[in-house]
Amino acid sequence: MGDFSSLGLSDWLVKQCKQLGINKPTPVQENCMPAILQGRDCMGCAKTGSGKTAAFVLPVLQKLSEDPYGIFCLVLTPTRSLAYQIAEQFRVLGKPLGLKDCIIVGGMDMVTQALELSNQPHVVVATPGRLADHIRSSNTFSMKRIQFLILDEADRLLEQGCTDFTKDLEVILEILPAKRQTLLFSATLTDTLQELKSIAMNKPFFWESKSETRTVEELDQRYILTPEKVKDAYLVHLIQTFTDEHDDWSIIIFTNTCKSCQILTMMLREFNFPTISLHSMMKQKQRFANLAKFKASVYKILIATDVAARGLDIPTVQVVINHNTPGLPKIYIHRVGRTARAGRNGVSITLVTQYDIHLIHSIEEQIQTKLKEYPVVEKEVLKILTQVNVTRRECEIKLESTDFDEKREINKRKQLILEGKVKIIKSIEMFLFYESALQQCCI
Ligand SMILES: Nc1ncnc2c1ncn2[C@@H]1O[C@H](COP(=O)(O)OP(=O)(O)OP(=O)(O)O)[C@@H](O)[C@H]1O
C-alpha cells in the first residue's frame, strides 16, 4: 500500500491527514483518489467505515486549492446529520484553505440558508429536498460552474423508499453543468448500478472492494431467537450485562418506528440506563443535541430509527442491537456498520422472532456470513420478564396520555400542505429573504 503523496496529494493535505491520524490510505482511497485527481467520474463501493468520505473530500480539496472559487462542489446525502458530518470533514481537512462551506438541510432556517448560498461557499453539503426547495424558490445563487457533484450513500438517494428523492434530484441536476465530475459512493452500490451509471455519464471509473463478505471481518455478528413478548426482556438483560462488564461502552439500538423508539427510550430510562433517542418526529435542533450528547458519551445508549442507519461515524460505538430484524439486507448492512469502523472491533446482535427467520436467511445470503447465536442465560431473562413487560405497558400508557400520536398526525398533514401549497410558502419565504437581506444592508 502506498502513501498519500504517491497518490498525487499535495504536501499540505498529507500534513492535514497526519494531524487527524490518517497516515495510510485505505483501499477505497488508494484506488479511487488517483482516478478522481485525473478528472474522471468515479463510483466507489466499499464496506462501512472504510474511509469513503475522505476518498472524495481529499481530491476535491486538492483541486479546489489549485483553482479556488464558489460554488465549486456540491455534495448530496440522504440525511441531515450525515450532511453535518461530511461538512465537518471538509472543514477540518480544508482548514489551511480557509474553506467556506454551507449546509442546506431541512428543519433549519430557510432564510439564513439562502443568504449563505448567495455568499458563494466553496462547498455545499445538502439533503436533496431542501436544496430543491431553494432552487425552486430563488435565483440568488448559481451552481452553473460547479466542478464536482458527489452523491454520498448514492443508492439511497436513487431508490424510491419512504422518502423519495428522485423528483428533487431531477430539479437539482437540471441546474448543474453537464461538464462536471460526478462521484458516487456507498457500501451498497450494486443494486442500483444502472441508474447510477446514467448520472455519472463520462465512463465512470468503478471500484468495488473485492471481498466475499459484505460486512467487515472485525464485526462479530450475532442473533438471539426470541418470542415477540420476551424481546424487551432480552434487550434489558443485554444492556445490563454490557453495563456490568464494560466501562467505556456505547450502544446503538435500532428499531422500526418513531413510536417504538420513544417507548423503548422511556422504558430503558425507567431502568436507569442513560438513554437518548433519534428519530424523524423530533425537531431538528433536538436531533442534533441528542446526537451530540451521545457522541460525547453523556448518554451511552442511542435508540434510533433508520434515520441513523447510514454513514454516522461514532468511534465509541461497540455494540449495535437490532430490536427488529431489518426487512432488507441492505438496511442490515448499514445498521451494523455503525460499529467495527476503521479497523476497530464491534458486536452486532439482532433480535429475531419466529416471524423473522426468512429475513435472517436473506441477510445471511447477501452478506455471505452466517450469524452466530449470542449466548444468553435464559433463566436470567425470565426473572425480569414480568417487570420489563409491566414497565413497557406503563410507558405505553404514559405516551398515550401525551400528544405523540397527535403530533404524528399534524406532521403528516403538514407534509401534505407543504406538497400542495408549496408555491405560497415559497413566496412568503422569498419575501422574508429579501426583507432580511435589505435589513442587513441597512445595518
Ligand atoms: N486512511 C485512513 N486511516 C485511518 N482512519 C481513516 C482513514 N480514512 C478515514 N479514516 C477514518 O475512518 C472512519 C470511517 O470513515 P468514513 O466515515 O468515511 O467511512 P465510510 O466508508 O464512509 O462508512 P459508511 O459506509 O458507514 O458511511 C472515520 O472516522 C475516518 O476519519
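We count ligands from 1, going down the list as the structure has it; atoms in each ligand are counted the same way.
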field: Proximal atoms of ligand 1 relative to Ser50 (non-hydrogen, under 4.0 Å)
entry: 19 (O), 20 (P), 21 (O)

- request: Would you mind listing which atoms of ligand 1 come within a distance below 4.0 Å of any non-hydrogen atom of Arg341?
  value: 14 (C), 16 (P), 17 (O), 19 (O), 20 (P), 23 (O), 24 (P), 26 (O)

- request: Below 4.0 angstrom from a heavy atom of Lys47, which ligand 1 atoms are there? Numbered from 1 as shown, please.
  value: 21 (O)

Nearest neighbour in protein (non-hydrogen) for atom 31 (O) of ligand 1: Gln89 NE2, 4.0 Å

- prompt: Glu153 near ligand 1, heavy-atom distance under 4.0 Å?
  reply: yes

- request: Before accepting this row, confirm whether a basic side-chain N of the pair Lys167/Glu170 lies closer than 4.0 Å to the acidic partner's carboxylate O.
  value: no

field: Option passing side chain to side chain contact (heavy atoms under 4.5 Å, CB included) with Val376 (candidates Thr241, Thr226, Ile224)
entry: Ile224

- line: The closest protein heavy-atom partner of atom 13 (C) of ligand 1 is Asp313 OD1, 3.6 Å

query: Between Leu173, Thr127, Leu169, which is the residue that forms a side chain to side chain contact (heavy atoms under 4.5 Å, CB included) with Leu76?
result: Leu169

field: Nearest neighbour in protein (non-hydrogen) for atom 23 (O) of ligand 1
entry: Gly49 N, 2.8 Å

field: Check: Gly51 N/O within less than 3.5 Å of ligand 1 N/O
entry: yes

message: If you measure every N or O of Ala54 against every N or O of ligand 1, does any of those distances drop under 3.5 Å?
response: no

message: Check this for me: does any side-chain nitrogen of one of Arg136 and Asp168 sit under 4.0 Å from a carboxylate oxygen of the other?
response: yes

query: Under 4.5 Å between any side-chain heavy atoms of Ile276 and Thr265, yes or no?
result: no

query: Is there a side-chain contact between Pro274 and Arg269, using heavy atoms and a 4.5 Å cut-off?
result: no

- request: Identify, for atom 25 (O) of ligand 1, the protein heavy atom at the shortest distance, and state residue, atom and that distance.
  value: Lys52 NZ, 2.7 Å

message: Any atom of ligand 1 sitting under 4.0 Å from a heavy atom of His334?
response: no

message: Give me the residue, atom name and distance of the protein heavy atom closest to atom 8 (N) of ligand 1.
response: Gln29 NE2, 2.8 Å

query: Identify the closest protein heavy atom to atom 18 (O) of ligand 1: which residue and atom is it, and at what distance?
result: Thr53 OG1, 2.6 Å

task: Fit a plane to each ring of His134 and Phe141, take the angle between them on a 0 to 90° scale, and name the class: parallel (under 30°), tilted (30 to 60°) or perpendicular (over 60°).
output: perpendicular

- prompt: Do any nitrogen or oxygen atoms of Lys24 lie less than 3.5 angstrom from nitrogen or oxygen atoms of ligand 1?
  reply: yes

- request: State, without any angle test, whether Gln147 and Arg180 hold a side-chain donor-acceptor pair at a distance under 3.5 Å.
  value: no

Salt bridge present between Asp155 and Arg310 (N-O < 4.0 angstrom): yes

query: For ligand 1, which atoms, with element, lie under 4.0 Å from some heavy atom of Arg338?
result: 26 (O)

query: Within 45° of the six-membered ring axis of Phe72 and under 6.0 Å from that ring's centre, is NZ or CZ of Arg145 located there?
result: no

Presence of salt bridge, Asp313 and Arg341, under 4.0 angstrom: yes

statement: For Ala342, the ligand 1 atoms with a heavy-atom partner under 4.0 Å come out as 12 (O), 13 (C)

query: Is there a heavy atom of Ala46 sitting under 4.0 angstrom from any atom of ligand 1?
result: no

